[in-house]
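By convention in this document, chain letters (A, B, ...) are assigned in the order of the sequence lines, proteins followed by strands, and residues within each chain are numbered from 1.
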Amino acid sequence: MIELVDVHKAFGANTVLTGVNLTLRKGRSMVIIGGSGTGKSVLLKCVLGLVQPDKGAISVDGTDVTNLRQGTPERDAFLARFGMLFQGSALFDSLPVWQNVAFRLLRGSLKKPRTEAHEIAVEKLRRVGLSPDVAELFPAELSGGMQKRVGLARAIATEPEIIFFDEPTTGLDPIMAGVINDLIRGIANEMGSTAMTITHDMSSVRAIADEVAMLHDGMIQWTGPASEMDSSGDPCVAQFIAGSAEGPIETVR
Amino acid sequence: MNVLAIIGRAVLAMLAAIGRVTLFAVDTVSHLGRPPYYPREFAQALVQIGYFSLPVVGLTTIFTGGALALQIYAGGARFSAEAVVPQIVAIGMVRELGPVLVGLMIAARVTSSIAAEIATMKVTEQIDALITLSTNPAKYLTLPRVLAATVVMPFLVGVGDIIGIMGGYLVGVERLGFNAGTYLRNTIDFLEPLDVVSSLTKAAVFGFLAALMGCYFGMRSDRGAQGVGRATKSAVVAASVLILAANFVLTELFFSA
């Protein structure tokens, strides 16, 4: 279970999170929605320790992970439980696709022999619908959709307990977005992983989410099962679903 | 009053920057004693910084050695000292021009490349991805590059010194009419071990500074293409200035009477 209690974060004068409280139960898929620049990515990065919260506490399975120091065995063990798909895929340009996918398997505590790591990478690529030929290409040789799939394969390479997806369908055409959504849902179900996704794509929300949380004004405005989202009664959620310019979410930010 | 405030702020900002760079350098060096290590990345950096810099080092030093021979010959003629061309070319190349010019060329070629690469990795979230994959960017990106540059620069400067002297030799023998054997003997007889030691020591320090600045500004890059451009420019300027400043300090240490 991931729990955030009263998490605050500001960058200089720019206040982003003003007391986020959120609970994600084990094995569930939560989607966080909200307008651009509302701090959704910052929220994910706070959980991963990429951004240090100014105030508040974050715990995973009851263990406080708010202030884990980089390079410590505790932090390495914590990160080994996570997989992350970045918005722009964040593939390493200098490495071929298979080494991107098997990055964690080629070094560190999860290191495996090179041939075994290669086999696992090819298997994960197959799982996300890419042929073994792709394994030897470099990221720059792939289309945006293929890069997302490689990023997804990397996120699941070690079969992590928790997977984060940052805007998984941004920049993709609707068909490819649907493919990625199905893959995320299928993989999360198959592996029994806890998933947290941030997006403003409502088709992704409906395809992926067990639960939905609405982030606005630095706080979670509403959270509940995806099936209750349309009848939430929350004006922010209603405006977001309708894609309307009228409502509490300002269109000029 | 306002002028004083501006000067005060600038001094404070400069001190803060020196502090940040020092902490970054200490952190980088401290990883030498803390595994894991990434030998593959180190080997790649050795090839990138060392092997692929050889052409530019060779071209820079051969022309400089040749020009130096011409200048000394022309200048020396004013007081009938044309014969000292081999000695002055040798001492000039080994003590000063070899390490400084190679250092500046490395700042242009390697510092810029490191800064742009790491800055791009930062703005495209590759650095964040490294961290989520339980890999410390300081160990994986910074240390291999800084170590490789420090190790390989003495080799590059050694090669540059030799090629620079050969540039002077070619001009001296082919253009100025020196006897080939005498030119070489004068060069070898005049050089002392301290000249070579100072040259190679400077090289190692310059290599360290050049790679460190590339990594430091790359890691601190702002977002977007402008951020990458600014990081690259700052890295090259800082590396060049630090190399020249370090050259003065090292020259003072080695050769002050």
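Put simply, CD on Gln126(B) and CG on Asp93(A) are 4.5 Å apart, with the number rounded to the nearest 0.5 Å. The OH atom of Tyr140(B) sits 4.0 Å away from atom CZ of Phe103(A), with the distance rounded to the nearest 0.5 Å. With values rounded to the nearest 0.5 angstrom, Lys45(A) atom NZ is found 9.5 Å from Ile131(B) atom CD1. Distance CZ/Phe86(A) to OG1/Thr132(B): 4.0 Å, rounded to 0.5 Å.
For chain A, the nearby part of Thr124(B) is the backbone; its heavy atoms alone come within less than 4.5 Å. Within the 4.5 angstrom heavy-atom criterion, no atom of Ile127(B) approaches chain A. Contacts of Leu95(A) with chain B are made by side-chain atoms alone, with heavy-atom separations under 4.5 Å and no backbone atom involved. Contact of Leu110(A) with chain B is not made at all, since no heavy-atom distance falls under 4.5 Å.
For the set Asp128(B), Asn136(B), Thr135(B), the count of heavy-atom pairs under 4.5 angstrom toward chain A peaks at Asp128(B).
The environment of Phe78(A) atom CZ is dense: over 12 non-hydrogen atoms of other residues, nucleotides or ligands sit within 6.0 angstrom. Surrounding OH of Tyr51(B) are at most 12 heavy atoms belonging to other residues, nucleotides or ligands under 6.0 Å away. For Gln226(B), the CD atom counts as loosely surrounded, since its 6.0 Å shell holds 12 or fewer non-hydrogen atoms of other residues, nucleotides or ligands.
Heavy atoms only, all atoms of each residue included: Ala129(B) and Phe92(A) are closest at CB-CZ, 4.1 Å. Heavy atoms only, all atoms of each residue included: Glu125(B) and Gln87(A) are closest at OE1-N, 3.9 Å. Between Asp76(A) and Ser134(B), the closest heavy-atom pair is O-OG, 3.7 Å.
Every pair passing ring-ring contact (aromatic ring centres under 6.0 Å, His included) that includes a residue from residues 205-243 of chain B is listed here, sequence neighbours excluded: Phe24(B)-Tyr216(B).
The closest side-chain heavy-atom distance from Arg154(A) to Leu133(B) is below 4.5 Å.
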- Could you go through the side chain to side chain contact (heavy atoms under 4.5 Å, CB included) check for Arg107(A) and Arg40(B) one step at a time? CA-CA 11 Å; Arg107(A) 46 187 72 74; Arg40(B) 196 178 289 265; 5.7 Å; no
